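Just below is one structure, and these are the notes that go with it.
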Amino acid sequence: MYQTEYKRAGSLNEAAQLVAASGGEGKYVSGGMTLIPTMKQRLASPSLLVDLRHVEGHKGISVSGKTVTIKGGTTHAEIAASEELKSVVPGFAGLAQLIGDPAVRHMGTIGGSVANFDPAADYPAALLAMEATILTDKREVAASDFFLGLFETALDENEIVTGVRFEAPESSAYEKFRNPASRYAMCGVFVAKRGEGRVGVGVTGAGASGAFRWTEAENALSGRFDVSALDGLAVDEGEMISDLHGSAAYRANLVKVVAKRAARKAGASGGPEVSGPKTPGGDAP
Amino acid sequence: MGVEGIGASVLRKEDRRFITGRGRYVDDMTVPGMKYAAFVRSPHAHARIKGIDVAAAKAMPGVIDVLEGSQLKADGIGNLICGWAVNSKDGSPMKMGAWPALAFETVRHVGQAVAVVVADTKAQARDAAEAVEIDYEVLPAVVEGPAALQDGAPQLHPEAPGNLVFDWEIGDAKATEEAFGRAAHVTKLDIVNNRLVPNPMEPRAALGVYDPAEEHYTVWTTSQNPHVARLVMSAFYNVAPEHKLRVIAPDVGGGFGSKIYIYPEEIVCLWASRKTGVPVKWTSDRTEAFLTDAHGRDHTTHVEAAFDADNKIIGMKVDTVANLGAYMSLFSSATPTYLYATLLSGQYDIPAIYANVKAVYTNTVPVDAYRGAGRPEATYVVERTMETAARELGVSPAELRRKNFIRSFPHQTPVIMCYDAGDFEASLDAGMKAADVSGFEGRRAEAKSRGKLRGLGMSCYIEACGIAPSKAVGSLGAGVGLWESAEVRVNPVGTIEILTGSHSHGQGHETTFAQLVSERFGLPVENVQVIHGDTDKVQFGMGTYGSRSGAVGMSAIVKALDKVEAKAKKIAAHLLEAAEGDIVIENGEVKVAGTDRKLGWHEVALNAYTGHKLPDGMEPGLKEGAFYDPQNFTFPAGCYICEVEVDPDTGKTEIVQFVAADDFGRVINPLIVHGQVHGGLAQGIGQALLEGTRYDESGQLITASYMDYAMPRAWDLPMFKVSTTETLSPSNPLGMKGCGEAGAIGSPPAVINAITDAIGNNDLTMPATPEKVWRAIHAA
Amino acid sequence: MTDVSMTVNGRQVTGSVEDRTLLVQFLRDNLGLTGTHVGCDTSQCGACVVHLDGQAVKSCTLLAVQASGSSVTTIEGLAPSATELHPMQAAFRENHGLQCGYCTPGMIMTAVDMVARHGAELDEKTVRDELDGNICRCTGYHNIVKAILSVAQSMQGSGEGQRIAAE
């Protein structure tokens, strides 16, 4: 890691001022689960790190009727364990439980993940599918206007993600097919069955430009919330990631397969029962 | 058997320090004045070094010195060598290219060390390493073994025209051709044994300390064989005279073969300590480990097997290209020859075998022995072939194997090895019973109802361990003998120290070796201390690899214990005024058989040291040493059965059951032996499903971290069903065969046989990633 | 250089570090607590897991300055006394859940955190899921899983709920 300077902000205002004064060389660090590894690899070298983890009031989950608000400093573990979330939008809590590993979930935050927009980040799939609103210290932005491309968001320089807000869907689920090495999503799909028959489908890990809404699948499932509605559909291979872990063609296949499974888990009819293998012969000697 | 003797699952003595964070690994060591090394490494797979400019780096904060290869050469530090001479079939010696510890003319793989920075802190050393400017002329690179042999391929070493290290053969070509001439069926397969990165969890490290007052060198290093390291560094690399060099391998966090070798970094740390006058520590990071630890496997093979009309296998032809990487690592020549082709007979009575192995240089990390070393490659060839043949012949894979098993011993194979004992049918039966093979078709049908493809595959492996009879390996080109040494020191109070040339880096020697004492004298294992890993303490040793610590290392201890017992009995006989032949030692007491006359063990020990009442002419003391040279290899064997479910939509394979039925001969500690099998299975399953080392065409390693190299996680593996059958090895006093590598040797073909059974397509390479399996399903 | 102060294994400690110093470096190099290990560069192997304010975190992915003011428990601070073991430490030994010992401190710290969150409800699938961030190259995880389940099961005071499929 290159030399850097660390400062701990007490408020979002203070944090923004510190980074603004750094002349473009400063970065916010929240859980640091992406930034610190990147700095260790010497692939990032911010001269200043401003820690948001101790900012008062930057953490917390509130549910009001169907409206869910999660503050930026809330960790994945807190989201996964939240009884409120589990009751109103279990699919989203379940997604958080599948992020990284327990140690990562204890540190990593939703604000950091949303601001970074890694192509394999999990939250964006859900936030897109639920048409969530991204909250910053300056404004509110619709998720589809916020996530622009690989590691590219609508955030202005020095702008801080302060949270996300969304309407809890009637039902929702996230399915994730992991990269066997990194264990990040090679394909993750969030299906949200929302009011008035509208269905949202967000896909992460597969798209060459980051997470995206699969609108054809949304339309198909909105018309008929049955897994078979996806049968004739396909995503464009040309827009998929292709790397040593999976070609674009394979990822395109995954998107469809995983989407079907997420839909099924979210309550769509049809499709095979999801159950695990039986262990032969009972217990071993 | 006592409660802590042979056959008892004694909990490990060494665990307490590891579970409380008190293990002592090389990177945990500090000495006064210690500084840190960072290596400057080649970013190119193949390049000529036109110039090195260290001026900017030397001016960086905290930098003590920056050293380069020309200085190393000027100081007379020798090139790294391969210690096993293998000749080509035309009689010419292998072509060993020069490998300096720091490159100064040419770099031949990404990550090769070119210079070293010594600085006050690790971070400063690394900062300065980035400031070393090297002017490279980039040369074309080649990374695949077969490609390196083609006309026009980039040439690596002037010593090796055509990149050919050797073109070696074994077996009887004529007899084999004759067998194929009368074959009723021939099975042919093209096989790639994927390149693996060993990845012990402790990265390599070295701390070199030069003491100018004594002109003495000490190195703490992550080694499986510290004495071999000392010998090679003194006799061949001219780092320090052997009597002025102490090598300490303290707690070592796994090795799996990769810590056998003497690498540039420990040589450089010692040399740099002399040059700079400060102790120099280097600790690899994980990406450095990927770029510099010896890799494993990387064979490309064509195999043909001939069967007669009765489905008896009558001949086998094997043609292998072994990719050795950019340089010949210490035992790199033996792995794809004498540790590989000598096992191509498998468990089967094959009258004629011929194998040809071409070893080649490529612009990749050097390849050497990795857990199993040659034997996994042989097992994969044989067991994929048997399974494929069974499918082609329309017979049960188990029955084809059973029909061809060797049933009488000793059995001389056509490829050097003489199997001395075994019962292959017993392992097969045990495996099939544990796996409930008879119920498989029902399970397959049930899985189908859930949309899953279920498959079953087996592998009946044999390996050669107990490496090795010195005369035998000497005749095959080994530069060293492969015996082992031990010393048993009985202290005046009766406690015992065992000094062994074996080295434990996870195998539990501190416990199993102590169990031998418990068995022999009835003393608690707590009274026994096992000492290893320090050339100043242990007389000599060849170290731990090739599952040799039991069959060879413990045999040496047994020999030393024999001598201790004999002397103790003489002393006791004298003290008790009895005949020596009437003395028995049990439960920590030395008794006259059939009487109540006895001494405590500690009383005999004390008398040995006071010398007051010893028989006339007897030397005082109770301490004996022994060297043990094995009479033959040992031959662990077994049957592994894997059952998988494949998701046809994603190609993802889940291992739903894995059965291992092994014959390791005598088992000293079942708990530890089962643990060895579990770990070996994980590495073998890792090879089959997950681990693939990939270079791009320019020679960049694109799987250089855990982000891209898939290590087996808990989630990838099932609970294993492990059991043992037992035929004793006649070649050593305990009847042991060795258990350290079996899991990694036997499991890959079982997994691939299971997947190909599930998907109905035999054309599948390792690692069987979800995409490959998915494509194979849709190609079928 | 920045002054940091934190509670480590119940003891107040201070130190002066570069801001780029990782918590694991501070623990190992400044405090001599070498039980916490480094096994990778990419926050995946878990050899460095410690507890930060009671939760398992990767000390290789946290700056020492980030941890200033916090309470840290390392493997050296887990046992209740010099002569007693924490139940998880004992279970790893009794089940032969370690071989070379290098991943072991991180494994145990992860396991303690896991059992604290799941208690007796822990099953084999969850254990394997939650070991996703801890790599062991020696044991094939078999005995690690057994060790963790044995501690979880002991929390409900009986052998009921045996959830291991084999051996």
Side-chain angles (χ1 to χ4, degrees), chain A residues 1-4 34 37-43 45 98 101-102 118 120 175-184 186-187 206 227 230 240 242-261 264 271-285, chain B residues 123 126-127 130 285 287 430 433-437 439-440 442-443 446-447 449-452 454 456 643-645 647 649-652 654-657 659 689-692 694 696 702-703 705-713 715-716 718-723 767 769-772 774-775 778:
Chain A
M1 188 180 295
Y2 295 108
Q3 291 285 10
T4 189
T34 304
T38 311
M39 290 173 69
K40 283 170 64 181
Q41 304 274 353
R42 298 189 170 217
L43 297 173
S45 52
L98 295 177
D101 57 57
D118 186 288
E175 272 282 308
K176 179 170 178 174
F177 189 88
R178 288 176 186 269
N179 175 317
S182 70
R183 316 291 289 173
Y184 291 176
M186 232 164 109
C187 177
V227 172
L230 297 175
M240 295 294 109
S242 187
D243 61 18
L244 76 151
H245 303 291
S247 65
Y250 180 64
R251 277 195 169 81
N253 170 68
L254 279 184
V255 170
K256 189 164 166 178
V257 169
V258 176
K260 282 186 172 184
R261 288 175 187 180
R264 165 93 199 187
E273 194 73 42
V274 179
S275 63
K278 310 263 187 299
T279 306
D283 289 349
Chain B
R126 194 150 169 204
D127 290 344
E130 288 189 1
D285 64 29
T287 289
K433 182 157 182 279
D436 184 24
V437 171
F440 170 71
R443 297 193 294 276
E446 186 278 332
S449 74
R450 286 182 285 109
K452 295 292 170 64
R454 194 149 175 148
L456 183 134
E643 197 164 322
V644 299
E645 273 191 21
D647 179 342
D649 297 330
T650 64
K652 187 164 168 45
E654 182 176 355
I655 295 186
V656 293
Q657 175 173 269
V659 165
L689 290 183
L690 296 161
E691 300 178 41
R694 294 269 298 274
D696 71 12
I702 52 177
T703 51
S705 81
Y706 296 152
M707 293 297 286
D708 292 311
Y709 187 90
M711 289 282 279
R713 312 291 217 288
W715 185 234
D716 298 309
M719 298 307 279
F720 303 113
K721 293 184 177 176
V722 174
S723 65
T769 60
E771 177 165 8
K772 275 193 207 165
W774 177 73
R775 286 185 181 279
H778 294 280

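Given the structure is predicted, the values throughout are model-derived calculations rather than measurements. Values reported hereafter were calculated over all heavy atoms of this structure, with side chains retained and with hydrogens, waters and symmetry mates removed. Naming convention: chains lettered A, B, ... in sequence-line order (proteins, then strands); numbering from 1 in each chain.
- Contacts between Y250(A) and chain B at a heavy-atom distance below 4.5 Å involve backbone atoms as well as side-chain atoms.
- For R713(B), the part lying under 4.5 angstrom from a heavy atom of chain A is the side chain only.
- For F440(B), the CZ atom is densely surrounded, since the number of other residues' heavy atoms within 6.0 Å is greater than 12.
- Between E771(B) atom CD and R251(A) atom CZ the span is 8.5 Å, to the nearest 0.5 Å.
- Proximity to chain A is absent for every atom of D285(B), based on heavy atoms less than 4.5 angstrom apart.
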Please walk me through it: do R261(A) and D649(B) pass side-chain contact (heavy atoms from CB on, under 4.5 Å)?
-> CA-CA 11 Å; R261(A) 288 175 187 180; D649(B) 297 330; 3.2 Å; yes
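- Residue D708(B) comes nearest to A181(A) through the heavy atom pair C-CB, 3.5 Å, listed as atom of the first residue, atom of the second, then distance.
- With a 4.5 angstrom heavy-atom cutoff, P718(B) does not touch chain A via any of its atoms.
- Side-chain contact between R178(A) and W715(B) is absent, with no heavy-atom pair separated by less than 4.5 Å.
- Proximity to chain B is limited to the side chain of L254(A), based on heavy atoms less than 4.5 angstrom apart.
- Contacts with chain B were tallied for K260(A), R183(A), R42(A), M1(A); R42(A) has the most, counting heavy-atom pairs under 4.5 Å.
- Only the side chain of E130(B) comes within less than 4.5 Å of a heavy atom in chain A; its backbone stays farther off.
- Shown here for P180(A) and A710(B), the closest heavy-atom pair between the two residues is O-CB, 3.5 Å.
- Closest of all the heavy-atom pairs between S247(A) and R775(B) is OG-NH2, 3.0 Å.
- Here L244(A) contributes atom CG and T703(B) contributes atom OG1; the two are 7.0 Å apart, rounded to the nearest 0.5 Å.
- Contact of S705(B) with chain A is not made at all, since no heavy-atom distance falls under 4.5 Å.
- When heavy atoms are compared at a cutoff of 4.5 Å, T769(B) does not approach chain A at all.
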